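Just below is one structure, and these are the notes that go with it.
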Amino acid sequence: MDWKRASYGVEIDVRRGGAQVTHRLRDAAEIENLIAAGDARFALEVRCPVTQYACIRLDADPSFQVVWPPDEVGDEIFLLPGVVAVEDVVLPAAALTDLWRDSPCVPKGWWLAKGDVHTSQPLAASLVEYRRDADLPSGCMRVREDGSGEEPKFAVHLAPDVFGRVETDRDLQMAGLIAAFAILPMSDRFREGSDSRVAFLVRERLADAGVPAWDEGDDWDPARAATAVERLHAASDGALEEEA
């Protein structure tokens, strides 16, 4: 909010054992000049409060990978993206809002831009739970809403012969997610005015992707909506490469 025109955005794709992050600066020549001069860097801070693991990755490239050691983190990791000053810098007052009358000196280590905190727990994981169902015939699936919790969740039931593959078979996971999105409009927890955090996040993700929501006319497309929330990946994208 300190900048007159500059804006910052970020896309974080969490995968097994790490994340791919892409930072975006717009109308931010002053920050871009600092990065080019080596005085600032794009950053992603990784924190796991349960194990007290923390690290920060700095890079001049707006797009990079971050990996973390699986044995040092818990189930949920928090990711803090932005741009950090790596040297003491002076910001031009002309590029800042009127609150800044003089060109301020920003110490090394301070954030020049900061994005929202992301979590390693994908939104899809909040929506869908996969369950083994001995009553289903071989190779079959069914989906029901699970109304037992405070937040909406869909239970994807799988026949025993396919349930064992769901943890590693992304195509099977996506099939269940698309099936859940197919019945999502029938859930009371996704109706307009719902106080559900998950419903709000799904609606926000669809709006960011330019995909009509379930209650915006007759254009509801479960497959398109599901892949806006959790994108498809090529087979080689399942895990991130280890950094040198």
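If you're wondering where the values come from, they're calculated on a predicted model, not measured in any experiment. The figures that follow rest on heavy atoms only: side chains count, while hydrogens, waters and symmetry mates do not.
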Quick one: side chains of residues 103-117, donor-acceptor pairs under 3.5 Å with protein atoms, not counting sequence neighbours, listed by atom name and distance.
{"residue": "Ser103", "atom": "OG", "partner": "Leu91", "partner atom": "O", "Å": "3.4"}
{"residue": "Ser103", "atom": "OG", "partner": "Ala93", "partner atom": "N", "Å": "3.1"}

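- Counting heavy atoms from C-beta on, the side chains of Val143 and Ile183 come closer than 4.5 Å.
- You'll find the side chain of Met174 reaches within 4.5 Å of the side chain of Thr227, heavy atoms only.
- A salt bridge is defined here as a Lys NZ or Arg NE, NH1 or NH2 lying under 4.0 Å from an Asp or Glu carboxylate O, and Arg191 with Asp215 fails to meet this definition.
- Inspection of the Glu72 and Thr51 side chains reveals no N or O donor paired with an N or O acceptor under 3.5 Å.
- Criterion: ILVMFWY side-chain heavy atoms under 4.5 Å apart, direct or through other members. Under it, Tyr8 and Val86 are not part of a common hydrophobic cluster.
- Separation of atoms CG (Leu44) and NE2 (His23) is listed at 6.0 Å; rounding is to 0.5 Å.
- Side chains of Leu96 and Trp3 form a contact here, defined as non-hydrogen atoms less than 4.5 Å apart.
- No donor-acceptor contact under 3.5 angstrom links the side chains of Thr97 and Asp2, judged on distance only.
- If you take CG on Asp133 and CZ on Phe163, they are separated by 10.5 Å, rounding to the nearest 0.5 Å.
- Residues Phe190 and Trp214 place their aromatic rings such that the two centres sit under 6.0 Å apart.
- The backbone N or O of Gly139 sits less than 3.5 Å from a side-chain atom of Asp161, completing a donor-acceptor pair.
- Residues Val10 and Thr22 are not in side-chain contact: their nearest non-hydrogen atoms beyond the backbone lie 4.5 Å or more apart.
- Around the CG atom of Asp102, the shell of radius 6.0 Å holds no more than 12 heavy atoms that belong to other residues, nucleotides or ligands.
- Annotation: side chain of Arg189 is in contact with side chain of Glu145 (closest heavy-atom distance under 4.5 Å).
- No salt bridge links Arg224 with Asp219; every basic N to acidic carboxylate O contact stays at or beyond 4.0 Å.
- For the pair Gln20 and Ile12, the minimum side-chain heavy-atom distance is 4.5 Å or more.
- The CZ atom of Arg170 lies 15.0 Å from the CZ atom of Arg165; values are rounded to the nearest 0.5 Å.
- Here the two rings, on His157 and Tyr130, have centers that are 6.0 Å apart or farther.
- Taking the charged nitrogens against the carboxylate oxygens, Glu45 and Arg47 do have a contact shorter than 4.0 Å, which makes a salt bridge.
- Remark: the Glu151 side chain and the Ser126 side chain contain no N/O donor-acceptor pair separated by less than 3.5 Å.
- Using a 4.5 Å cut-off on side-chain heavy atoms (C-beta onward), Phe42 and Asp61 make no contact.
- Here the shortest heavy-atom pairing between Ala228 and Arg205 reads O-CG, 3.7 Å.
- Ion pairing of Asp146 with Arg144 is absent here, as no side-chain N (NZ or NE/NH1/NH2) approaches a carboxylate O to less than 4.0 Å.
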Would you check, one step at a time, whether the test side-chain contact (heavy atoms from CB on, under 4.5 Å) holds for Phe181 with Phe154? CA-CA 9 Å; Phe181 270 76; Phe154 298 94; over 6 Å; no

Show me the donor-acceptor pairs within less than 3.5 Å that the side chains of residues 28-36 make with the rest of the protein, sequence neighbours left out.
{"residue": "Asn33", "atom": "ND2", "partner": "Ala29", "partner atom": "O", "Å": "3.1"}

